[in-house]
Amino acid sequence: MIDFSAKFLKKNEVRFILLIFPFVLCGCRNLQKSSLSFQAMNTFVSVQTFGENSKNVNQKIKARLSELESLFSTTDSSSEIYKLNHSSEKIQVSSETYSLLSYSVKMAEIFNGHFNPALFPVIREWGFTTGNYHVPSQEKINFLLKKTDFSQIQFFDDNFVQLQDSMSVDFGSVAKGFASDEIVKILSENNILSALIDFGGNIIAFGEKPDSSFWRIGIKNPFGGEVSLAVKVKNQMVITSGGYERFFTDENQKKYIHIFDGKTGFPVENEIESVTIICENGLYADTLSTALFIIGSENAVSFWRERKDFQMIILQKDGSILYTSPLESQIEILSEFSEICVID
């Protein structure tokens, strides 16, 4: 479990982050290059691959993402998640759905329910799945929260899963990360030497650039629009969750973002503007970018200090940036910031 007792950073130890904005400066060897752009899993995907048969590999990536969407969609009546959400009986699902749901429940336990894959009834009530945005009453939220107990999800042999009456799950915080790992499998199995994939803002930097240097991923300042820093990576995911992505405002211009606290049933309101996670595992990075956003900067720093198996950049609403110390050799500062904190 997370140790939430750790003291946070001193005020003068704080730095400043941003929003993922990929850009690549690329001097290339003579490698076969293929590019493909398409829509998948409700987002825009841009694929650049270098190596033999790269055009065919891009099509394999597109086909695999389509397969995963057909499993994980909450709106497609033929998907496994849709069928689970509309039944209280045991349902046999694919190994992908079974493993991703069991993983999500384990992460919900680690984060004490603040991260919750069974929060879909609450998110739907707020209108983030329908576009009918509104602020529900506290009474309505309390009622719906009773339907979000992830510990009531039952797992059986042979990939059978059962939800209790009126429960609904979704993979909004993990699906792209899982799919990112599937993309890496395809690249590895098909002799691709180098690839850069922008998966709705989730960046997959596979291998090195064709000129044998690091990929250089730009991070954009959401307050000003310019590229403010760059991170040099290879064989890593760069995945961001942020309050700037999807939100609505009420009649009083109060902002409600699409990232929810599973304990309260309300959109998160804290000091964080966005969290970027950098590591080799896409599913882990996708999960942490959301979960650490929810629990706030102090707890996110404590979590990193306990594990140190990922790297992290946090943009705070006051214009300050925090990033983990192993990134110092990978980060290039391109603009001036109010405060910068390196987390040890």
Side-chain angles (χ1 to χ4, degrees), residues 39-43 63-109 111 113-137 139-179 182 200 246 248 256 258-267 283 286-287 290-291 294:
Q39 292 283 334
M41 300 178 70
N42 295 317
T43 195
R64 182 56 174 151
L65 295 184
S66 179
E67 291 173 357
L68 294 177
E69 184 171 16
S70 71
L71 298 177
F72 301 156
S73 172
T74 58
T75 57
D76 181 352
S77 60
S78 65
S79 80
E80 293 181 345
I81 291 299
Y82 186 95
K83 291 174 181 176
L84 271 176
N85 287 347
H86 291 80
S87 174
S88 58
E89 303 296 323
K90 283 199 300 185
I91 293 179
Q92 189 174 37
V93 298
S94 64
S95 60
E96 293 93 337
T97 298
Y98 188 92
S99 63
L100 189 50
L101 186 55
S102 58
Y103 167 86
S104 297
V105 169
K106 289 175 183 176
M107 294 305 288
E109 292 170 350
F111 286 99
H114 292 285
F115 172 88
N116 186 352
L119 202 62
F120 189 64
V122 173
I123 297 171
R124 181 173 53 205
E125 179 64 28
W126 280 83
F128 279 97
T129 64
T130 64
N132 182 27
Y133 301 113
H134 71 287
V135 181
S137 67
E139 182 181 20
K140 183 68 172 180
I141 291 172
N142 291 343
F143 172 75
L144 291 174
L145 282 174
K146 296 176 182 177
K147 307 175 186 293
T148 66
D149 184 359
F150 57 86
S151 69
Q152 297 300 308
I153 300 173
Q154 295 181 280
F155 298 92
F156 304 91
D157 292 338
D158 299 320
N159 293 342
F160 279 92
V161 179
Q162 185 173 15
L163 304 184
Q164 300 301 308
D165 285 337
S166 303
M167 286 189 72
S168 298
V169 297
D170 82 289
F171 289 153
S173 300
V174 294
K176 287 200 298 181
F178 181 91
E182 292 295 296
R246 291 171 57 206
F248 74 92
Y256 298 93
H258 76 291
I259 302 174
F260 282 75
D261 188 329
K263 300 285 262 187
T264 67
F266 273 80
L283 178 55
D286 204 11
T287 307
T290 300
I294 295 168

Minimum-distance pair of heavy atoms, taken over all atoms of [X] and [Y]:
{"X": "Phe120", "Y": "Asn85", "value": "CD2-ND2, 4.4 Å"}
{"X": "Gly262", "Y": "Leu145", "value": "O-CD2, 3.8 Å"}
{"X": "Pro121", "Y": "Ala118", "value": "CD-O, 3.4 Å"}
{"X": "Ser70", "Y": "Glu67", "value": "OG-O, 2.5 Å"}
{"X": "Leu65", "Y": "Ala40", "value": "CB-CB, 3.9 Å"}
{"X": "Phe150", "Y": "Gly113", "value": "CE2-CA, 3.7 Å"}

Check your understanding: For His134 and Glu125, what are the C-alpha separation, side-chain angles and deciding distance, and is it a side-chain contact (heavy atoms from CB on, under 4.5 Å)?
Key -> CA-CA 8 Å; His134 71 287; Glu125 179 64 28; 3.2 Å; yes
Exercise for review: Would you please classify the geometry between the Phe171 ring and the Phe72 ring as parallel, tilted or perpendicular, with 30° and 60° separating the classes?
Suggested key: perpendicular
**Study point:** Aromatic plane relationship, Tyr133 with Phe128 - under 30° parallel, 30 to 60° tilted, over 60° perpendicular
**Key:** perpendicular
Point to revise | Over 12 non-hydrogen atoms of neighbours within 6.0 angstrom of CZ in Phe143 | key: no
**Study point:** Asn142, CG atom: more than 12 neighbouring heavy atoms under 6.0 Å
**Key:** yes
Any side-chain heavy atom of [X] sitting closer than 4.5 Å to one from [Y]?
{"X": "Glu69", "Y": "Asn42", "value": "yes"}
{"X": "Leu119", "Y": "Val169", "value": "no"}
{"X": "Ile81", "Y": "Leu101", "value": "no"}

Point to revise | Backbone N/O of Glu96 and side chain of Ser99: donor-acceptor pair under 3.5 Å | key: yes
Practice item. For the pair Asp170 (side chain) and Thr74 (backbone), establish whether a donor and an acceptor sit closer than 3.5 Å, ignoring hydrogens and angles. Key: no
**Study point:** Step-by-step side-chain contact (heavy atoms from CB on, under 4.5 Å) determination, Ser168 to Leu163
**Key:** CA-CA 8 Å; Ser168 298; Leu163 304 184; 5.8 Å; no
Point to revise | Electrostatic pair Lys106-Glu109, nearest N-O below 4.0 angstrom | key: no
Check your understanding: Looking at Ile153, Val174, Asn116, which one forms a side-chain contact (heavy atoms from CB on, under 4.5 Å) with Ser104?
Key -> Val174
Practice item. Taking the six-membered ring for Trp and the single ring otherwise, decide whether the centroids of Phe178 and Tyr103 are under 6.0 Å apart. Key: no
